[in-house]
Number of protein chains: 4
Amino acid sequence: MISKEENILFNAEKLFAEKGFEGTSIREISKEANVNVSMISYYFGSKEKLFEKIFEFRMNESLSFAKDVIADNKMNEWEKLIVVINRYTDRVKNLKTFYLIMQREQLTNKNEHIVKVLNESKMGFLEIYKQLIESGLKNKVFTKRPRLEFIHSTISGTIFSALNSLPIYKKFYKGDEKYENLYFEDLNNHIKNVLKYLLGYEENK
Amino acid sequence: MISKEENILFNAEKLFAEKGFEGTSIREISKEANVNVSMISYYFGSKEKLFEKIFEFRMNESLSFAKDVIADNKMNEWEKLIVVINRYTDRVKNLKTFYLIMQREQLTNKNEHIVKVLNESKMGFLEIYKQLIESGLKNKVFTKRPRLEFIHSTISGTIFSALNSLPIYKKFYKGDEKYENLYFEDLNNHIKNVLKYLLGYEENK
Amino acid sequence: MISKEENILFNAEKLFAEKGFEGTSIREISKEANVNVSMISYYFGSKEKLFEKIFEFRMNESLSFAKDVIADNKMNEWEKLIVVINRYTDRVKNLKTFYLIMQREQLTNKNEHIVKVLNESKMGFLEIYKQLIESGLKNKVFTKRPRLEFIHSTISGTIFSALNSLPIYKKFYKGDEKYENLYFEDLNNHIKNVLKYLLGYEENK
Amino acid sequence: MISKEENILFNAEKLFAEKGFEGTSIREISKEANVNVSMISYYFGSKEKLFEKIFEFRMNESLSFAKDVIADNKMNEWEKLIVVINRYTDRVKNLKTFYLIMQREQLTNKNEHIVKVLNESKMGFLEIYKQLIESGLKNKVFTKRPRLEFIHSTISGTIFSALNSLPIYKKFYKGDEKYENLYFEDLNNHIKNVLKYLLGYEENK
DNA sequence: TATGAATGAGACTTCATTCAT
DNA sequence: CATGAATGAAGTCTCATTCAT
């Protein structure tokens with residue numbers, strides 16, 4: 001059973017993804033969520049607060065994410081990196097709407113609260129990459145030390161660029177669900193392949 | 001000397017980059033451009049048409065871009081690819097405002113005219129990559145055939161992700177103009193490095 | 001011990017004095033009084049009824065006021081007048097918030113119930129002045145017969161004008177509690193002085 | 001010919017007088033002034049700015065007021081005082097609506113801009129009274145030095161109290177235009193009479 | 001070609017009150 | 001007695017566009 005509050009939240013997320021923050025009116029949201037217009041102010045205070053709540057909600061969901069990875073000691077650095085990327089692509093694939101909003105906000109930098117959340121997330125990823133690479137070099141799992149910023153840009157940029165192009169390719173190649181699944185699988189392998197090269201990782205050592 | 005029309009256009013571009021399409025009012029644009037409000041409807045028909053005009057203007061600028069590359073016969077495929085990427089990163093670096101708008105529009109897909117322009121651009125790049133790779137393979141310049149979509153996502157995604165993260169890094173590393181120039185240079189080399197690997201290109205053959 | 005109803009009443013009085021009727025929301029009142037919002041409708045029926053209740057409450061308090069004065073037979077007319085004025089200034093001084101609301105309502109004439117209460121009060125005072133003056137003239141305590149309306153306007157107008165200006169003077173003369181007490185004492189004497197003249201009352205006859 | 005802006009201004013003044021600031025909606029104003037709702041924002045910026053404009057407008061009107069009085073050298077201090085009071089009562093009589101609003105604002109102190117204007121006005125009057133009394137004492141026109149604050153409270157308070165009570169008296173005494181004119185004339189004499197006493201002015205000296 | 005006054009739609013938000021519990 | 005979720009009306013303001021000049 002979904003609460004009235006979450007019902008509004010998810011419908012708003014969908015509309016914000018489609019039309020952007022300014023392009024979505026609370027009237028539309030209320031209609032989509034089948035509630036009275038004033039319910040939005042009632043539950044969230046304002047349209048902007050509702051918007052921020054979406055970020056808080058999704059970011060809370062992904063909190064456990066980073067912790068798990070670093071903590072686990074049964075894997076070597078490469079394997080950990082793979083886990084991070086797998087989860088990342090999975091999450092992006094399953095929460096397309098939210099990540100659409102998120103990308104737009106990254107280009108906007110208008111809402112301070114959200115800017116802070118996004119920067120923390122980015123810095124969090126950089127920190128993970130840093131630790132994994134340093135440790136991997138010490139343990140001779142990796143043999144090259146690439147520039148951190150570009151590692152992140154390559155991973156994250158490739159994933160999002162691929163995500164955003166998917167609808168066109170789907171249309172162009174007349175693809176269906178199967179096409180999409182294969183697409184994400186290939187994307188995942190592509191990124192791993194690039195990383196192997198950039199980090200100087202040799203599989204069968 | 002800049003025409004009144006271009007004056008409006010450039011000021012609008014700046015404001016759209018800062019605040020998005022819906023977040024920018026024609027009153028702000030008219031104030032920024034020091035013209036009367038009704039001039040915008042007068043010159044461009046409507047706010048939306050003005051927005052589209054920005055895309056047309058910038059895309060016209062980059063039209064010659066692709067043609068040049070393919071036409072030139074004094075370079076091999078790898079060299080051509082390098083030229084494409086150099087120009088691309090240069091352009092992104094120098095037209096940050098426009099590419100901010102463009103990225104946002106790629107996430108939005110609301111204005112059909114713009115969607116068409118953007119898709120054509122994307123398909124244009126895919127076509128260039130396709131021709132270069134096929135030809136390069138035939139001429140034994142390249143030795144691997146990577147999936148086209150991911151080549152594009154990697155190049156374009158990495159560039160934009162790096163562009164968007166630059167302000168944070170600049171702040172974090174207390175960087176200045178010099179930092180920025182070096183950043184773009186390194187980014188360029190990073191992408192070339194990745195492509196070399198993905199295409200199986202060997203420099204000193 | 002104060003009842004829940006009175007608790008709401010007094011908090012509402014305070015807020016109405018600060019922000020006016022329309023400027024005060026029942027939500028604010030409920031927060032200030034630490035009760036649930038719906039308690040106001042529950043106890044008083046509506047926001048407007050609550051407002052009227054404040055007037056009824058304060059007017060009930062001052063009901064005995066007039067009666068006492070007329071009834072007492074140990075004083076002559078001048079002494080009775082002095083008692084009336086003393087009580088009036090005291091009351092105004094101690095119930096500043098209510099008299100702020102009252103003055104505003106006297107300027108507004110929107111709520112019929114309140115209009116009636118206020119007019120009765122005004123007419124009550126006029127009646128008292130009339131009786132005291134007539135009787136005083138008959139008994140040769142007073143020697144002049146001033147126009148009744150202006151007697152009331154002068155007394156009441158001076159008191160309220162002085163009350164309302166007090167904050168400014170306090171600020172201007174950097175006054176404290178002592179300043180305020182002296183101010184009201186002087187005000188009282190000032191009014192008596194004026195009345196003596198207007199009524200032709202001679203103290204040491 | 002009255003401008004559209006003034007048309008709005010005067011209609012707003014009337015409604016604010018009847019129902020107060022919060023009690024008057026811009027929709028009502030626009031209806032009363034026969035203009036579109038958005039005209040109010042268009043001309044004045046906001047409802048509050050419109051409200052302030054009314055004060056500015058009326059205060060500008062009365063600017064010449066004080067200057068004239070002090071400047072003229074053909075009158076002695078008592079005659080000057082009479083002129084001040086005559087003009088004051090005239091003005092109050094003819095601009096009942098505005099002075100209704102003004103009194104309410106004096107009780108409210110919410111809008112800083114208006115508070116400032118009102119305090120300046122009050123201090124201006126105090127200054128005039130001060131100069132006239134000091135000069136009058138020096139020139140032996142007056143023989144008593146009453147407390148300044150109460151002089152002002154008595155004059156201003158009596159006038160406004162009488163103004164506000166007029167409708168009731170008019171109703172009670174079944175008065176018409178003639179009653180009103182006589183009322184203001186008597187009021188004027190009443191105030192002069194009181195002042196004569198308070199200042200120790202002897203007419204036939 | 002250029003202006004700026006004027007329009008009407010639609011935006012977000014707050015409010016007093018009701019109703020089911 | 002008491003709660004607080006829910007409602008719908010009404011409020012102010014901003015906006016893109018039009019029109020007379």
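When distances run from any side-chain atom of B/I26 to the nucleotides F/dA16, F/dC13, F/dT7, the shortest one goes to F/dA16. Distance from the side chain of D/S38 is smallest for F/dT14 among the nucleotides F/dT14, E/dC15, E/dT13. Closest to the side chain of D/K47, out of E/dA16, F/dA2, F/dT12, is F/dT12.
B/S30 comes within 4.0 angstrom of no nucleic acid atom, judged by non-hydrogen atoms across all strands. At a threshold of 4.0 angstrom between heavy atoms, the contacts of B/Y43 are confined to the sugar-phosphate backbone, with no base atom among them.
The residue from A/E48, A/E52, A/E22 that alone fulfils the salt bridge (Lys or Arg N to Asp or Glu O under 4.0 Å) condition with A/K110 is A/E22. Looking at A/K47, A/E105, A/R104 one by one, the single match for side-chain contact (heavy atoms from CB on, under 4.5 Å) with A/F16 turns out to be A/K47.
Here E/dA20 sits opposite F/dT3 as a Watson-Crick or G-U wobble pair (both hydrogen-bonding atom distances under 3.5 Å). Nucleotide F/dT12 is matched to E/dA11 when pairs are restricted to Watson-Crick or G-U wobble geometry with both distances under 3.5 angstrom.
Checked against a 6.0 Å centroid threshold, the rings of D/F10 and D/F57 count as neighbours. The ring of C/F55 has its center closer than 6.0 angstrom to the ring center of C/F98.
Toward the 5' end of DNA chain E, the nearer of the two residues C/S41 and D/V35, judged by each one's closest nucleotide, is D/V35. Mapped onto DNA chain F by nearest heavy atom, A/K4 and C/M39 fall at different nucleotides, with C/M39 at the one closer to the 5' end. A residue-by-residue look at A/I40 and C/E48 shows that A/I40 has its nearest nucleotide of DNA chain E further toward the 5' end.
Cation-pi geometry between C/K4 and C/Y43 is not met: the NZ or CZ atom fails to fall both under 6.0 Å from the ring centre and inside 45° of the normal.
Here F/dT12 presents its C1' atom at 15 Å from CD1 of D/I8, a figure rounded to the nearest Å. Atom C1' of nucleotide E/dA2 and atom CD of B/E5 are separated by 15 Å, given to the nearest angstrom. Rounded to an integer number of Å, the gap from CD1 of D/I29 to P of F/dA10 is 17 Å. Put simply, CG on B/L15 is 12 Å from P on F/dC15, counting in whole angstrom units. Rounded to an integer number of Å, the gap from CD of D/E22 to P of E/dT14 is 14 Å. Nucleotide F/dA2 holds its C1' atom 15 Å from the CG atom of C/N34, rounded to whole Å. If you take CG of A/N7 and P of F/dA5, they are 16 Å apart, rounded to a whole angstrom. Following rounding to the nearest Å, C/F44 (CZ) and F/dC1 (C1') show an atom-to-atom distance of 15 Å.
One finds no side-chain N or O of C/N36 lying less than 4.0 angstrom from the OP1 or OP2 phosphate oxygen of F/dA2. The phosphate of F/dA5 has OP1 or OP2 within less than 4.0 Å of a side-chain N or O from A/Y42. Close to F/dG11, at under 4.0 Å from its OP1 or OP2, lies a side-chain N or O of D/R27. Residue D/S25 places at least one side-chain N or O closer than 4.0 Å to OP1 or OP2 of F/dG11.
A search for ring-ring contact (aromatic ring centres under 6.0 Å, His included) contacts involving A/F160 returns A/Y99, not counting sequence neighbours.
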